[in-house]
Structures are given as C-alpha cells and as structure tokens.
Amino acid sequence: MLTSPLSASSTELVISILDLVLSQGKPLDRAYSQHFSGLKLTPHEQGRITFVTGDILRKLNLYSFLSDVKSEEIARLGTRLMNVWHTFNQLPLPKLEYSLQVEEADYQARLAQAKADPLLWDGCPKWLDEMGQSQLGDAWAAERQALNKPPRRFIRANLLKGDAERLAKALKNEQIETQAVSGVETALEVVSDSALFRSKSFQSGLFEQQDAGSQLVASALDAKPGMRVIDACAGAGGKTLSIAAQMQGRGRLLAMDVEQWKLDNLKQRARRAGAHNVETRLIKGSKTIKRLKLSADRVLLDVPCSGLGVLKRNPDAKWRDTPERLPVLLELQKDILQSYSRMVKVGGMLVYATCSIMKAENRDQVDAFIAQNPHFEFIEDETISPAHTGFDGFYLAKLKRVAE
C-alpha cells in the first residue's frame with residue numbers, strides 16, 4: 001500500500017503501461033518489460049509503479065466508472081484516472097504539469113453508486129461473474145472478492161541448498177523480513193519491501209519466487225529420489241525446480257514444453273538452483289509423447305487453462321479474455337490429459353493441475369477422463385481457494401494407473 005503519491009514520471013509510466021495493455025492488447029508482464037528496460041528505476045519506485053498498475057487493473061471497471069474514462073481513452077484522459085485512483089486511496093494528487101481534475105460532487109455521486117454495485121466494487125466484468133456463479137454457485141462471491149486483492153509475496157526455499165528456517169535467517173541478514181506459511185513447509189511470505197532478486201540469497205539459488213498454492217501443487221506429486229518423473233507442461237519451470245528438490249537431485253526429471261524459450265529459461269534457473277537432474281525436451285508432436293509411453297513413475301500435467309485462479313497476479317486477463325475462450329481450452333485440456341497420460345507406467349501416479357478454480361476445467365475434466373479410462377483410478381483432489389487461503393487459486397487431482 002502506498003503512503004505517498006506517485007511522482008510525475010511514475011504517473012506517466014503507469015498511464016503508458018495501461019495504454020499498452022488496454023489499447024494494444026499487450027500482456028502485462030511484457031508491458032512492464034518494454035517500459036522498464038533501459039530505465040534506471042530504483043526497486044522501490046518500480047515496486048510502486050507495479051503496485052498501482054496492478055491495483056488499477058484488478059478493479060479497472062471501478063476506477064473507469066469513478067473517473068468516467070474508458071479503456072480506449074487511457075492515453076488521452078489517463079491523468080484523470082490517476083487522480084481518481086489517488087483520491088480513492090486517500091492520497092494527495094500527483095504533482096503533474098498538466099492533469100484533468102475530477103469534480104468532487106460527481107466523484108462522490110459515482111462512488112455512492114459503485115458501493116451499491118458488487119461487480120463494480122469487486123472489479124469483476126459481467127462475463128466473469130456469470131461464469132463464476134454458474135461454476136461455483138454461492139461460493140463465487142467470496143472468491144470474487146479475494147481475487148481483487150493484491151497478491152502476497154511468497155518464495156520457496158530450495159531444499160537442495162537448505163530449508164525455510166535457514167533461508168529466513170539468511171534473508172534477515174540482508175534486511176529482508178519473512179514469515180513462515182502455515183501448511184506449506186517450503187514457503188515463506190516476504191513481508192518487507194525488498195529487492196528480492198538483487199539479494200545474495202537469490203543469486204546463490206537459495207530460493208525461487210513461487211506462490212504458496214503452486215508449491216502445494218508440486219508437493220502433491222510426492223516425487224522420491226531415484227524416480228523417473230516428467231513435468232509435461234513445464235513452462236519456465238517453477239514446479240519443475242520444486243520437484244527436483246523433492247527428489248534431492250537424484251533420479252531423472254524430464255521437463256517438457258512446446259516452447260523452446262521457456263525451456264531455455266528453465267535451464268538457467270536449474271543451474272542456479274543446483275538442480276542437476278533436470279533435463280529439458282521440446283514437444284515437437286505426438287511422437288515425442290509416444291516414445292515415453294509407460295515410462296514414468298510420476299507425471300505432472302499443469303495444463304493450459306483460463307488462469308482464473310491467478311487473477312490477482314495477472315489482472316489484465318479479466319479485460320482481455322472472453323467466455324468464448326473457455327470451450328477451446330476445455331478441448332485442449334481433454335486432449336492433453338488423454339494423450340500425455342500414456343507416459344505414466346502401471347503403479348505410477350499422474351497429477352492433473354490447473355491455475356483455475358472453475359469446475360469445468362477441474363473435476364469435470366477428471367471425471368470425464370476416469371469414465372473413459374478405467375485403467376486409471378481416482379485417488380483424491382483439492383481446490384486451493386484464494387478466499388480460504390490467501391494464496392493464488394489452483395486445482396490438483398491425483399490419479400493412479402492400475403493397468404495398461
């Protein structure tokens with residue numbers, strides 16, 4: 001939370017980032033990268049910019065309504081939006097050379113209307129609310145409110161180089177304050193405003209930034225030293241590295257993805273972490289999967305999904321996505337689950353996971369798979385709820401192969 005207004009230059013940067021995301025459709029992380037590269041911002045000021053930008057995007061419809069500024073008008077009327085954000089958060093207005101002011105009477109009238117509209121107040125587009133209600137029923141309202149909160153900062157202690165207690169002490173020596181996370185033994189929550197990635201602890205591979213809920217998904221795989229394990233949708237490898245630590249660096253851990261650049265990033269992270277048992281393999285087609293048939297003790301399928309459990313961290317998705325995208329994702333998830341499950345050997349376990357809390361992407365997919373594949377047995381599943389945990393939202397299901 002900010003205790004002072006943004007500087008004029010930071011205010012202009014926020015407006016530029018918002019315009020890039022909302023008018024040009026650029027993903028938020030790439031918009032940050034484009035605007036921050038080449039600038040000599042202190043970690044503190046960069047953190048302030050990302051906090052404000054994220055907060056505006058988490059409740060974009062609210063701030064747009066209060067300021068009477070549409071998404072496509074950000075470049076032209078962005079100063080009025082920024083003045084409203086500061087007013088709403090009880091901060092002095094930024095000292096800009098030129099800015100569009102807000103009439104107090106109009107602002108107060110709009111504020112009263114917004115307080116009476118749950119979708120505005122929670123920063124939720126109508127399509128998402130309709131989907132949430134249809135998928136989660138009465139539980140959706142609490143999740144909707146939880147998803148408009150700023151994400152908490154969690155890190156995972158790299159067990160290849162020490163446990164969470166030792167990590168907390170090392171970070172404290174670098175003036176980085178943390179606290180333990182109940183129920184997630186590898187997790188620490190960072191509670192100070194610190195430049196994590198410039199710390200000696202990070203450069204030495206003592207930790208990775210990873211949401212506590214994501215850490216729970218990786219730990220559900222229960223990978224043991226000496227096993228053959230496949231992370232089949234590895235991405236940049238956050239869960240891969242967590243699995244490598246479970247395996248104590250012993251055994252074979254194959255990280256696979258359809259994008260080579262993600263695997264290249266994973267290789268760099270694995271070297272820093274000391275995860276020497278990680279191999280990477282690009283998925284070039286169905287033959288890549290067929291060659292691994294019945295070969296793995298454990299397979300993690302963290303499939304492409306709507307990302308509706310991680311909207312705190314990726315709030316721009318609410319304003320870029322549409323409900324029409326979900327059926328396409330459901331078909332892709334079904335195909336991946338059916339095809340990639342062939343890599344699990346008899347007696348081995350498959351963990352199906354998403355970063356969504358929507359039933360259609362989660363238990364419905366698992367039930368349909370089990371009905372069509374009696375050689376797999378359902379063990380258990382879990383939905384990691386943002387409302388109940390304060391973590392990002394995830395789903396995981398454990399399935400055991402009992403026959404070929």
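One is the number of the first residue; the rest follow in order along the sequence.
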For Lys400, look at atom NZ and say whether over 12 heavy atoms of other residues, nucleotides or ligands are found less than 6.0 Å away. no
I'd like to know if Arg269 pairs up with Glu208 as an ion pair, taking the criterion as any Lys NZ or Arg NE/NH1/NH2 lying under 4.0 Å from an Asp or Glu carboxylate oxygen. yes
Would you say Glu104 and Gln108 are linked by a side-chain donor-acceptor pair, where the criterion is simply a distance under 3.5 Å? yes
Whether the side chain of Arg156 engages the backbone of Ala164 through a donor-acceptor N/O pair (distance < 3.5 Å, no angle test) should be reported. no
Lys/Arg-Asp/Glu bridge criterion (N-O < 4.0 Å) met for Glu174, Lys200: no
Are a donor atom and an acceptor atom from the side chains of Ser10 and Ser7 found within less than 3.5 Å of each other? yes
Give the intermediate values and the outcome of side chain to side chain contact (heavy atoms under 4.5 Å, CB included) for residues Leu300 and Tyr340. CA-CA 10 Å; Leu300 174 61; Tyr340 289 25; over 6 Å; no
Donor on one side chain, acceptor on other, Thr288 and Arg291, under 3.5 Å: no
Would you indicate whether Gln179, at its atom CD, is surrounded by more than 12 heavy atoms from other residues, nucleotides or ligands within a distance under 6.0 Å? yes
Give a yes or no on whether Arg30 atom CZ has more than 12 heavy-atom contacts from other residues, nucleotides or ligands under 6.0 Å away. no
Please lay out, stage by stage, how Arg228 and Asp297 fare under the test salt bridge (Lys or Arg N to Asp or Glu O under 4.0 Å). CA-CA 5 Å; Arg228 182 183 175 107; Asp297 299 289; over 6 Å; no
Between Trp319 and Tyr63, does the ring centroid distance fall short of 6.0 Å? no
Are Arg363 and Tyr395 in a cation-pi setup, meaning NZ or CZ lies under 6.0 angstrom from the ring centre and within 45 degrees of the ring axis? no
Report yes if the side chains of Leu254 and Val229 come closer than 4.5 Å at any heavy-atom pair, otherwise no. no
Under the 3.5 angstrom rule, does the side chain of Arg152 hit a backbone N or O of Phe391 as a donor-acceptor pair? no
When Lys149, Lys115, Arg58, Arg144 are each screened for salt bridge (charged side-chain N to carboxylate O under 4.0 Å, His left out) with Asp122, the one that passes is Arg144
Between Arg272 and Ser204: side-chain donor-acceptor atoms closer than 3.5 Å: no
